[in-house]
Amino acid sequence: MDYSELVKSYKKLESTQSTLEKTEIISKLFINSPKEDLDTLAHLIRGKAFSEWKNLDLGIGKKLIIKAISKATGIKEEKVKKEWKNKGDLGDAVEVIVKNKKQQTLTTKKLTLSLVQENLEKIAGAEGSGSQSKKISLIAELIGSAEPEEAKYIVRTVLENLRIGVGEGLVRDAIVKAFFSELIGLSELDGYEITGQQVGIDKQLLGSISEYRLNKVKEKTELIEIDLSDDGISKLWKKEGADVFITDRKKEIEDRLKGIVQHAYDVSTDFGEVAEVASKKGVQGLREMDIELFRPIRVMLAQKSDSMEDAFEAVGSEEGLAALEYKYDGIRVQIHKEGSDVKIFTRRLEEITDQFPEIVNAIKDSIDEEEVIVEGELVGFDPQKGYLPFQKLSKRIKRKYNIREMIEKIPVTVYLFDLIYCNGNSLIRQNLRIRWSKLNSLINKIDNSVELASHLETSDLDKAQSFYQKALDENQEGIMLKNLSKRYKPGSRVGYMVKLKPVMETLDLAIIGAEWGEGRRRDWLGSYKLACMNKETGELKSIGKMATGFTDEQLEELTNKLEDMIIQEDGRSVKLKPKVIVEVAYEEIQESPKYESGYALRFPRLVAERETLGTGDVDTLDRIRELYGKQS
DNA sequence: CATGTCTGCCC
DNA sequence: ATTCTGC
DNA sequence: GCAGAATGGGCAGACATG
């Protein structure tokens, strides 16, 4: 497929917000795609170079892209940066630059999906001395062969930030539409000619369907029995090797098909694979896909809750019962075990097995079952010192050297809370009650190494409150609340699992600088540098940046106000007269190697503008120190 | 060989 | 991570 | 109710640079 065809669709996708239209655009791409491009297309349409579960990186960021643009076009880096600031998007910048350039040069070769993919793979594969310039050349080569609009999306793709509003759900729906639309279209049975495409029949419909209609179907199809218990479609009818569904409940069948595709993606974490199977093997092929050991699946995510009442409201089952668990401040891990082979994956599906050899051993000792996938939180815990701050633990995550040493210095414990897979059986469609009790039955606890998460099942608010208090007293972040009757939904931020954390104190801080935004914030200052007051010297000392918590309206207002206070501009960032004071919430004060105050805020966000305050009213460094001291 | 910059990924 | 926005 | 987009601090490692 020509890259230009994909680019046409990118453009359309970027300019429409309608979900249905977007699904239609993507499904057409799938339909028109040659089979050998399906895999690449499935990734590129979401702006990904590779499937998530493969540990492949481009190692290219904005800085290197600027070099590549400069190399490809002969335009000075400074000018590229200027255009970037103008446009608020490096893709838009390269488009303009290439457009101007094109008047002089001729395009060399036509870009195709496979050519783009090939270069992306080469980029990911480059390593060692000279690899950066090699990567830059590879990108420059693509930009050099690209039409202006193609260059725009090449750049955005390499940065893995397409900004066209296409995510998992749309691709899933588009796959259904592209490969199974015949099934959905069959809302009327009468008069329908079975064309050797796809037909199936719904269990309930089977009961209500007229003899006449049923016979008509049977004439043209051959019944095959398949276990389709999960999605409720009880039987498939086969004709000339193709699957066919028939129903008069179009919406329901469509949803079920979405469920089948979703499940295929859930277990494979690879839309390329899903699209290929859908196109080659149909519904049946998708249904046969299942979790594989040592291929991580995406984890289920929680929503936020503001109070215990809200939390119960969100997750409580009919009787108001919920499962409560400690929320540990560590690394979310998914651990796969087959016999004596163990691998540990993070929430982003990165493998960190080598970083935690002691956990690998402990898991082998702790679990007798042959095959399991369990999930838990890996926490820094020193039996002498107690729980370690996340900053300490994080030293171990990407470590490649001195691992042995760190086992001693930063010991860890894993608190398990879910069971995903056991001896050939996926448990993701089972409810939490079953998963948790089964997990309990197969874990042999090892003190300070492999434990079960602190867990309480209750419908009693008072008991819940004291459990929460206990968690906080023990220095945990808060608690999780989960609905015991719900399944595991990989990659989904589900409402039936919530986190509850205490509301933190806030600080009043001065805005002393800012940076121009990108994408939807291109016309506004999108990130604000904050400072506290050193009372001794009367100087403002930086303590970090803040870039969330404001509405669009507030962003615009702040930008207008602050634009008048610009003292100095340097590329995308501006220095500001400290006039505007804001109230800022945060989770924790950390020691910082980067900011003048020596401290930084963890998860800073805007609470409100403090219009009545001046720089004399901002919180002092002394107070920051005091708050820092009180934390542990 | 030491240092600085960049990137990706934990939260 | 947090938050807002729009479907 | 949910996904998507835009943004935070800090860490280790990989390279480039001088």
Side-chain angles (χ1 to χ4, degrees), chain A residues 16-22 46-47 55-67 88 126-136 159-170 172 301-304 314 328-333 346-350 352 355 377-378 389-403 406 477 489 491-496 499 501 515 517-522 524 526-530 543-555 584-595 599-607:
Chain A
T16 177
Q17 289 189 318
S18 152
T19 315
L20 286 175
E21 243 177 83
K22 286 186 145 163
R46 281 204 303 163
N55 278 235
L56 282 171
D57 273 330
L58 291 173
I60 296 286
K62 290 169 187 166
K63 297 292 165 68
L64 289 182
I65 279 284
I66 290 168
K67 291 192 175 176
E127 60 178 13
S129 186
S131 59
Q132 286 200 354
S133 30
K134 197 165 151 201
K135 288 180 183 195
I136 289 169
L159 292 173
E160 302 204 273
N161 190 1
L162 220 41
R163 295 198 239 252
I164 59 171
V166 174
E168 180 189 333
L170 280 181
R172 179 243 287 142
L301 302 165
Q303 295 197 349
K304 236 192 105 159
Y328 302 92
D329 188 10
I331 310 162
R332 181 95 176 256
V333 288
T346 67
R347 151 180 153 56
R348 296 273 295 268
L349 316 185
E350 299 290 321
I352 52 167
Q355 281 70 22
E377 188 85 2
L378 194 54
F390 178 78
Q391 246 179 318
K392 280 255 158 60
L393 174 64
S394 74
K395 288 176 195 287
R396 291 195 58 178
I397 300 170
K398 302 194 81 176
R399 181 162 296 278
K400 282 175 85 172
Y401 312 102
N402 304 324
I403 289 172
M406 283 319 222
E477 276 195 313
K489 266 196 179 178
S492 207
R493 194 172 293 281
V494 293
Y496 53 80
K499 49 189 158 187
K501 296 204 256 185
E515 256 169 60
E518 293 193 69
R520 70 192 306 275
R521 289 192 189 170
R522 66 184 65 206
W524 301 323
S527 166
Y528 300 82
K529 196 172 181 188
L530 305 169
I543 189 170
K545 295 193 277 186
M546 168 191 71
T548 189
F550 12 59
T551 61
D552 286 2
E553 204 182 342
Q554 281 174 309
L555 272 172
V584 181
Y586 60 93
E587 295 299 314
E588 193 184 13
I589 296 171
Q590 301 174 303
E591 279 186 82
S592 168
K594 195 166 144 191
Y595 292 106
Y599 296 95
L601 306 178
R602 192 180 184 196
F603 312 141
R605 62 257 198 195
L606 177 80
V607 174

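Chain letters run A, B, ... following the sequence lines, proteins first, then strands; residues in each count from 1. Just so we're clear, the structure is a prediction, and the values are computed from it rather than from any experiment.
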In whole Å, what is the span from the [atom1] atom of [X] to the [atom2] atom of [N]?
X: A:K398; N: B:dG8; atom1: NZ; atom2: P; result: 9 Å
X: A:L159; N: B:dC6; atom1: CG; atom2: C1'; result: 13 Å
X: A:E350; N: B:dG8; atom1: CD; atom2: C1'; result: 8 Å
X: A:E588; N: C:dA1; atom1: CD; atom2: C1'; result: 12 Å
X: A:F390; N: B:dC10; atom1: CZ; atom2: C1'; result: 4 Å
X: A:L301; N: B:dC11; atom1: CG; atom2: C1'; result: 13 Å

If you look at every strand shown and take non-hydrogen atoms under 4.0 Å, does [X] touch a base, only sugar-phosphate, or nothing?
X: A:L64; answer: sugar-phosphate
X: A:E515; answer: nothing
X: A:I164; answer: sugar-phosphate
X: A:L601; answer: sugar-phosphate
X: A:I60; answer: sugar-phosphate
X: A:Y586; answer: nothing
X: A:R396; answer: nothing

>> Taking the ring centre of each residue, are A:F550 and A:Y528 less than 6.0 Å apart?
In response: yes
>> Go through it in stages, so that I can follow the logic: the residues are A:R605 and A:E587, the test is side-chain contact (heavy atoms from CB on, under 4.5 Å), and I'd like the CA-CA distance, side-chain angles, deciding distance and then a yes or no.
In response: CA-CA 10 Å; A:R605 62 257 198 195; A:E587 295 299 314; 2.9 Å; yes
> Going from CZ on A:R332 to CZ on A:R348, what distance comes out if it is rounded to the nearest 0.5 angstrom?
Replying inline: 14.0 Å
> What's the spacing between A:K22 NZ and A:I164 CD1 if we round to 0.5 Å?
Replying inline: 7.0 Å
>> One thing to verify: whether A:K499 and A:E477 come together as a salt bridge, which I'm taking to mean a side-chain N less than 4.0 angstrom from a carboxylate O.
In response: no
>> Between the side chains of A:R347 and A:E377, is the shortest nitrogen-to-carboxylate-oxygen separation below 4.0 Å, so that they form an ion pair?
In response: no
> Which residue, A:K62 or A:R602, contacts DNA chain B at a nucleotide closer to its 5' end, judged by nearest heavy atom?
Replying inline: A:K62
Pick the [atom1] atom in [N] and in [M], then give their distance to the nearest Å.
N: C:dT3; M: B:dC6; atom1: C1'; result: 27 Å
N: B:dT3; M: C:dG6; atom1: C1'; result: 47 Å
N: B:dG4; M: C:dT5; atom1: C1'; result: 39 Å

> What are the bounds, 5' to 3', of the part of DNA chain D that sits under 4.0 Å from heavy atoms of chain A?
Replying inline: D:dC2 to D:dA16
> Quick check: are there more than 12 heavy atoms from other residues, nucleotides or ligands sitting under 6.0 Å from NZ of A:K501?
Replying inline: yes
> Is the CZ atom of A:R522 crowded by more than 12 outside heavy atoms at less than 6.0 Å?
Replying inline: yes
> Mapping A:Y595 and A:E168 to their closest nucleotides on DNA chain D, which lands nearer the 5' end?
Replying inline: A:E168
> More 5' along DNA chain D: A:Q391 or A:A126, using each one's nearest nucleotide?
Replying inline: A:Q391
> Could you write nucleotides 2-7 of chain C as a row of B, S and -, 5' to 3', where a protein heavy atom under 4.0 Å of any base atom gives B, of only sugar-phosphate atoms gives S, and otherwise -?
Replying inline: BBSSSS
> Is there a donor-acceptor pair closer than 3.5 Å between any side-chain N or O of A:S492 and the backbone N or O of A:V494?
Replying inline: no
> Heavy-atom distance under 4.5 Å between the side chains of A:K62 and A:L159, does that happen here?
Replying inline: yes
